[in-house]
Amino acid sequence: MMKLLQFSPNLGEQKRIGVYHEGKVVDLVKAYEMVYDATPPNWFFNMRDLIEGGEGSLYLVRRVLDDFNKLDSVIKRSAELDPENIIYYPPVTDPEKIFLLAVNYRAHGQETNNNPPKEPYIFTKFNNTLIGHNQPVLFPRASNKVDYEIELAVIMGKRAKYVNSSKALDYVFGYTIFNDISFRDKQFPPEIPYGMRWVHGKGLDTAAPMGPWIVTKDEIDNINNLRLKLRVNGEIRQDAYAEDMIFKVEQIIEYLSNGITLKPGDVISTGTPSGVALATGKYLKPGDVMEAEISKIGVLRNNLIEEK
């Protein structure tokens, strides 16, 4: 049961893995050095490497934390950091694949006048879009209709292909928060017969805040009970439960793995509930602060700055 993140203690310091525990971030690199007086393994510097290490890497993390917690509290302080004073990266900075679902909440389909799809409707983003907690989203020169979409994201833990939905959760590493920033004037109107312009409509730089950490799957009993809320400058814009998803996580993994090999660290963002600016007209502007919150995971906070 862990909340794992990628961070740097200070600007310019090497990225590494941390564990959020009791209001502090434990720097695993420093904790390992303090406990064992040795060089930490590569697992502690990259989340995808850690995930690929499977149960062995998680066992080592737990062992380091157990031994670290036995140290004198004064000694431990240098490896216990204030979560508001570190630099966050996306929990996985280099996923091979990022999948997202369109119209996977019925209420969102209704507000945007879209009928529910007969099977999961998938699009993708690229790594240029990924940013971490407390990092700024660019309000781009290329768009005037910038939108938000809170989503529950699944982080894959094992290679998976042709997986039955009954076994799908066995391949999951954990869950995090995803904000699918969208550029509606780029996405719409669709071009007949080709459809929407997904690349520029969804894929501009910094268009995928993710984090602040991954909650390992054993920490969440029933993902369908999770509550998703998104606030802009304190105003609640989206509020729903994951049970409202049309296609559940198990079904999505079965669908995606039908011919595609899912790999450790791959991201699957599962769609957004109603309340988006496309329906309300309340588009984002420079200076706005978004807080995407999912129960049992945490809060992903990002502000918008104007692109120069």
Glu151 side chain to Ser269 side chain, donor-acceptor N/O pair below 3.5 angstrom: yes
task: Report yes or no: do Asn128 and Asp205 form a side-chain donor-acceptor pair below 3.5 Å?
output: yes
query: What residue pairs, at least two apart or across chains, pass ring-ring contact (aromatic ring centres under 6.0 Å, His included) with a residue in residues 224-279?
result: none
- prompt: What pairs meet the ring-ring contact (aromatic ring centres under 6.0 Å, His included) rule with one or both residues in residues 213-237, with sequence neighbours excluded?
  reply: Tyr20-Trp213
query: Does Asp49 offer a backbone N or O that forms a donor-acceptor pair with the side chain of Asn46 under 3.5 Å?
result: yes
- request: Kindly say whether Gly132 contributes a backbone atom to a donor-acceptor pair with the side chain of Asn302 at under 3.5 angstrom?
  value: yes
query: Just checking, any donor-acceptor pair under 3.5 angstrom between side chains of Thr93 and Lys15?
result: yes
- line: Sequence neighbours excluded, the answer for side chain to side chain donor-acceptor pair (under 3.5 Å) partners of Ser78 is none
- request: Determine, for Arg63 against Asp67, whether the closest basic-nitrogen to carboxylate-oxygen distance falls under 4.0 angstrom.
  value: yes
field: Set of residues satisfying ring pair (Phe, Tyr, Trp, His ring centres under 6.0 Å) with respect to Tyr283, sequence neighbours excluded
entry: none
- request: Grab the two heavy atoms, one from Asn104 and one from Gly271, that are nearest each other, plus how far apart they are.
  value: CB-CA, 4.2 Å
- request: Check whether Leu152 and Ile214 end up in the same hydrophobic cluster, where Ile, Leu, Val, Met, Phe, Trp and Tyr are linked by side-chain heavy atoms less than 4.5 Å apart.
  value: no
- request: State whether the side chain of Thr270 and the backbone N or O of Ala153 hold a donor-acceptor pair below 3.5 Å, judged by distance alone.
  value: no
query: Going by side-chain heavy atoms closer than 4.5 Å, which hydrophobic residues are tied to Ile236, directly or by a chain of links?
result: none
- prompt: Which pairs pass salt bridge (Lys or Arg N to Asp or Glu O under 4.0 Å) with one or both residues in residues 242-252, sequence neighbours excluded?
  reply: none
query: Is it the case that Lys202 and Ser182 place a side-chain donor and acceptor less than 3.5 Å from each other?
result: yes
- prompt: Which residues pass the ring pair (Phe, Tyr, Trp, His ring centres under 6.0 Å) test with Phe123, sequence neighbours left out?
  reply: Trp198
- request: Verify side-chain contact (heavy atoms from CB on, under 4.5 Å) between Ile17 and Leu28, making sure each step is shown before the conclusion.
  value: CA-CA 6 Å; Ile17 305 298; Leu28 281 179; 3.8 Å; yes
message: Among residues at least two apart in sequence or on other chains, which ones pass side chain to side chain donor-acceptor pair (under 3.5 Å) with Lys263?
response: Glu96
query: Who pairs with Asn85 by side chain to side chain donor-acceptor pair (under 3.5 Å), at least two apart in sequence or on another chain?
result: Asp82
message: Side chains of Gln238 and Thr272: any donor to acceptor distance under 3.5 Å?
response: yes
query: In terms of heavy-atom contacts, does NZ of Lys217 have more than 12 from other residues, nucleotides or ligands at under 6.0 Å?
result: yes
Pairing of Lys158 and Asp170 as salt bridge, 4.0 angstrom limit: no
message: Tell me which pairs pass ring-ring contact (aromatic ring centres under 6.0 Å, His included) where either residue lies in residues 57-111, with sequence neighbours left out.
response: Tyr88-His133
message: Can you tell me how far apart CD1 (Ile51) and CG (Leu58) are? Round to the nearest 0.5 Å.
response: 8.5 Å
task: May I ask you to check whether Asp185 and Asn144 show a side-chain donor-acceptor distance below 3.5 Å?
output: no
field: Cationic N near anionic O, under 4.0 Å, Glu22 to Lys24
entry: no
task: Evaluate whether atom NZ of Lys97 has more than 12 neighbouring non-hydrogen atoms of other residues, nucleotides or ligands under 6.0 angstrom away.
output: yes
Charged N-O contact under 4.0 Å between Glu33 and Arg16: no
- prompt: Ion pair present between Lys229 and Glu293, side-chain N to carboxylate O less than 4.0 angstrom?
  reply: no
query: Are Val19 and Phe45 joined in one hydrophobic group, where the rule is that I, L, V, M, F, W and Y side chains link up if heavy atoms are under 4.5 Å apart?
result: yes
field: side chain to side chain donor-acceptor pair (under 3.5 Å) partners for Thr176, two or more places apart
entry: none
- prompt: Which residues satisfy the ring pair (Phe, Tyr, Trp, His ring centres under 6.0 Å) test with Tyr36, sequence neighbours excluded?
  reply: Tyr32
